[in-house]
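Scroll down for the structure; my scribbles are underneath it.
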Amino acid sequence: MDNDLQNKLRSFSIHEFQDDLINWYLTEKRDLPWRKDQDPYKVWVSEIMLQQTRVDTVIPYFTSFIEKFPTIEALADANEEEVLKAWEGLGYYSRVRNLQSAVKEVKESYGGVVPNSPHEISKLKGVGPYTKGAILSIAYNIPEPAVDGNVMRVLSRILSIWEDIAKPKTRKTFEDVTYELISRDDPSSFNQALMELGALICTPTSPSCLLCPVREHCTAFEEGVQAELPIKSKKKKPKPLQMAAAVLHDSDGNLYIHKRPSTGLLANLWEHPNFEIVATTGKTYREQLADYLQTEYEAKVVLSELAGTVEHIFSHLIWNISIFIAEVKNSPNENLVAVSPEELSKFAFPVSHQKIYQIYKGQNLA
DNA sequence: CACCCGTGGTG
DNA sequence: TCACCAAGGGT
């Protein structure tokens, strides 16, 4: 921590800040399903789901996930397909594979009890510095910083910290600050209050300073620079890729689907056969797709004309997918699995491939 | 550190 | 439309 920041903290009314913040939180906090108790497992699941994901999106997933897998034991013993299906549509699917892996570790090495030491909990897959602090403080009431985007935004304004919060090393500054500020009486409420304030009052654009319970402590508000903070450098634009996909079916209406590899993008999810178009050949998308289905799956097909397009936007790339319907005239190789339309709902697909299937169903109707 | 890893909402 | 956002972690 630099000298300027240390000086700010020396003249900061820490206890008054804690009281104003926590009292506001205890009165105004939202009634969320993961706040019904302090079960470390449920806190853990909620924190993983909430990573880079909105509260409103998480709520229905959390409720049904806990119904399906109410305990560490239940999740540890669950079928991986079923677990992935419960996560379908939430995104960042490695989160749930890491979670199940970590839960198995807790079952085997810690007797099914989530460890309460920073060192041990950090070794669990998918538990980084934020999630570590969140579980320890919320479930175990241990005064550990839990620095997420909310906390960096709120504290950058409170203390007028002009470091770029997009830079990895900046998180250390905010952990140091949080360690100075955190309530030793109620670290759980303190950490959650900082995040709740960021979500409800101290929002990224147009913060509601006049409603803020801690504006008397806020140097950015005092100086009128709350709209300039935090400093956050720009992200790269996602790179567009041209793709082609086929909804492959036989004359009985069975579908032929492919399981993606266990690492990388959309790992272990199912998809309709697809590939990236090569721009340099003189062939049409349709011709390239027929070639691909033949070489990759030994599938002889009758392809439709272009049936539609689907866009899939990721953090770092964009698929522009041209969709064709293909009827197979032979038995494809073992890289494809045949399923009936009724069975399809047991498999987890990325959202783009759900849309691809919708196009096929629309064609069937006509 | 830079890059990879999803999705849906919003001004 | 588009840029940015939302309780990050792994490599």
Side-chain angles (χ1 to χ4, degrees), chain A residues 25 29-30 32-35 42-62 84 87-99 101-102 121-135 137-139 145-154 164-172 174-175 178 188 190-200 202-206 230 232-240 260-269 271 310-319 348-355:
Chain A
Y25 173 72
K29 66 178 176 182
R30 290 167 290 179
L32 300 172
W34 47 88
R35 287 181 176 162
K42 284 185 249 176
V43 171
W44 186 3
V45 170
S46 73
E47 291 303 337
I48 300 298
M49 285 189 173
L50 285 163
Q51 288 171 4
Q52 302 293 287
T53 310
R54 287 182 147 74
V55 166
D56 288 345
T57 302
V58 166
I59 289 173
Y61 280 93
F62 176 82
L84 207 50
W87 208 269
E88 182 184 55
L90 247 194
Y92 288 135
Y93 297 95
S94 68
R95 289 184 295 177
V96 75
R97 289 188 305 125
N98 288 335
L99 175 62
S101 164
I121 203 170
S122 285
K123 288 195 290 190
L124 299 172
K125 279 183 191 163
V127 177
Y130 163 75
T131 306
K132 169 190 68 174
I135 297 173
S137 62
I138 297 172
V147 174
D148 70 338
N150 284 311
V151 171
M152 289 197 283
R153 181 174 61 257
V154 169
D164 182 356
I165 67 167
K167 297 245 183 289
K169 70 174 294 190
T170 303
R171 202 196 70 246
K172 168 80 162 96
F174 286 94
E175 282 178 350
T178 304
S188 170
F190 181 88
N191 277 346
Q192 293 186 81
L194 276 183
M195 294 187 275
E196 195 82 343
L197 190 71
L200 300 181
C202 196
T203 48
T205 59
S206 57
K232 190 174 188 180
S233 52
K234 313 285 185 198
K235 288 182 190 170
K236 265 178 47 179
K237 276 209 281 199
K239 172 186 173 186
R260 295 180 60 88
S262 59
T263 58
L265 190 66
L266 302 170
N268 282 355
L269 269 69
E271 64 185 2
V310 167
E311 184 183 62
H312 190 160
I313 302 174
F314 300 85
S315 312
H316 57 301
L317 54 90
I318 300 178
W319 286 351
F349 288 86
V351 169
S352 55
H353 282 259
Q354 298 171 32
K355 292 177 183 169

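Values below: all heavy atoms of this structure, side chains included; hydrogens, waters and symmetry mates excluded. Just so it is clear, the model here is predicted, and its values are computed rather than measured. Proteins come first, then strands; the chains are lettered A, B, ... in the order of their sequence lines, and each starts at number 1.
- Ser46(A) comes within 4.0 angstrom of no nucleic acid atom, judged by non-hydrogen atoms across all strands.
- The distance between the ring centers of Phe314(A) and Trp319(A) falls below 6.0 angstrom.
- Summarising the geometry, the separation between NZ on Lys169(A) and P on dA2(B) is reported as 12 Å, rounded to the nearest angstrom.
- Within the 3.5 Å criterion, the main-chain N or O of Phe174(A) finds a donor-acceptor partner in the side chain of Thr178(A).
- Between the NZ atom of Lys239(A) and the P atom of dC3(B) there is a distance of 13 Å, given to the nearest Å.
- Both Trp34(A) and Val127(A) sit near DNA chain C, but only Trp34(A) has its closest nucleotide nearer the 5' end.
- For Arg54(A), there are no salt bridge (charged side-chain N to carboxylate O under 4.0 Å, His left out) partners, not counting sequence neighbours.
- With sequence neighbours excluded, no residue satisfies salt bridge (charged side-chain N to carboxylate O under 4.0 Å, His left out) with Lys235(A).
- With respect to Lys29(A) and Glu196(A), no salt bridge is recorded, no charged nitrogen being found less than 4.0 Å from a carboxylate O.
- Looking at heavy-atom distances under 4.0 Å, Trp319(A) makes no contact with the nucleic acid at all.
- Met49(A) has its side chain out of reach of Trp34(A): every pair of non-hydrogen atoms, C-beta onward, lies at least 4.5 Å apart.
- For the pair Leu124(A) CG and dG10(C) P, the computed distance is 10 Å after rounding to whole Å.
- Counting non-hydrogen atoms under 4.0 angstrom, Arg35(A) reaches a base of the nucleic acid.
- Rounded to whole Å, atom C1' of dA6(C) lies 14 Å from atom CG of Leu32(A).
- Between Glu47(A) and Tyr130(A), the side chains place a donor N or O and an acceptor N or O closer than 3.5 Å (distance only, hydrogens not considered).
- Between Leu265(A) and His316(A) the shortest side-chain heavy-atom distance falls below 4.5 Å.
- Comparing the P positions of dA6(C) and dC4(B) gives a spacing of 23 Å, expressed to the nearest Å.
- No contact: Arg171(A) has no heavy atom under 4.0 Å from any strand.
- Between Val96(A) and Leu84(A) the shortest side-chain heavy-atom distance falls below 4.5 Å.
- In plain terms, the two heavy atoms of Trp44(A) and Ala102(A) that are nearest each other are CZ2-CB, 3.4 Å.
- By the 6.0 Å contact criterion, NZ on Lys123(A) is enclosed, its count of non-hydrogen atoms from other residues, nucleotides or ligands being greater than 12.
- Straight-line distance from the NZ atom of Lys123(A) to the C1' atom of dG10(C): 18 Å, rounded to whole Å.
- One can place OH of Tyr130(A) at 18 Å from C1' of dG10(C), the figure rounded to the nearest angstrom.
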Do nucleotides 4-11 of chain B as a string where each nucleotide becomes B, S or -: B if the base has a protein heavy atom under 4.0 Å, S if just the sugar-phosphate does, - if no protein is that close. SBBBB---

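- Comparing the same atom, C1', in dG6(B) and in dC4(C) gives a spacing of 15 Å after rounding to whole Å.
- Atom NZ in Lys125(A) sits roughly 13 Å away from atom C1' in dT11(C) (whole-Å rounding).
- With sequence neighbours excluded, the residues that form a salt bridge (charged side-chain N to carboxylate O under 4.0 Å, His left out) with Lys42(A) are Asp37(A).
- Look at NZ on Lys172(A): it is 13 Å from P on dC1(B), rounded to the nearest Å.
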Quick one: which protein N/O atoms are closer than 3.5 Å to N/O atoms of nucleotides 1-4 of chain C? Pair and distance per line, please.
from, atom 1, to, atom 2, distance (Å)
dC4(C), OP1, Lys234(A), NZ, 3.1

According to the Watson-Crick and G-U wobble definition with distances under 3.5 Å, which dot-bracket string, read 5' to 3', encodes DNA chain B, using [ ] for crossing pairs and | for pairs with another strand? .||||.|||||

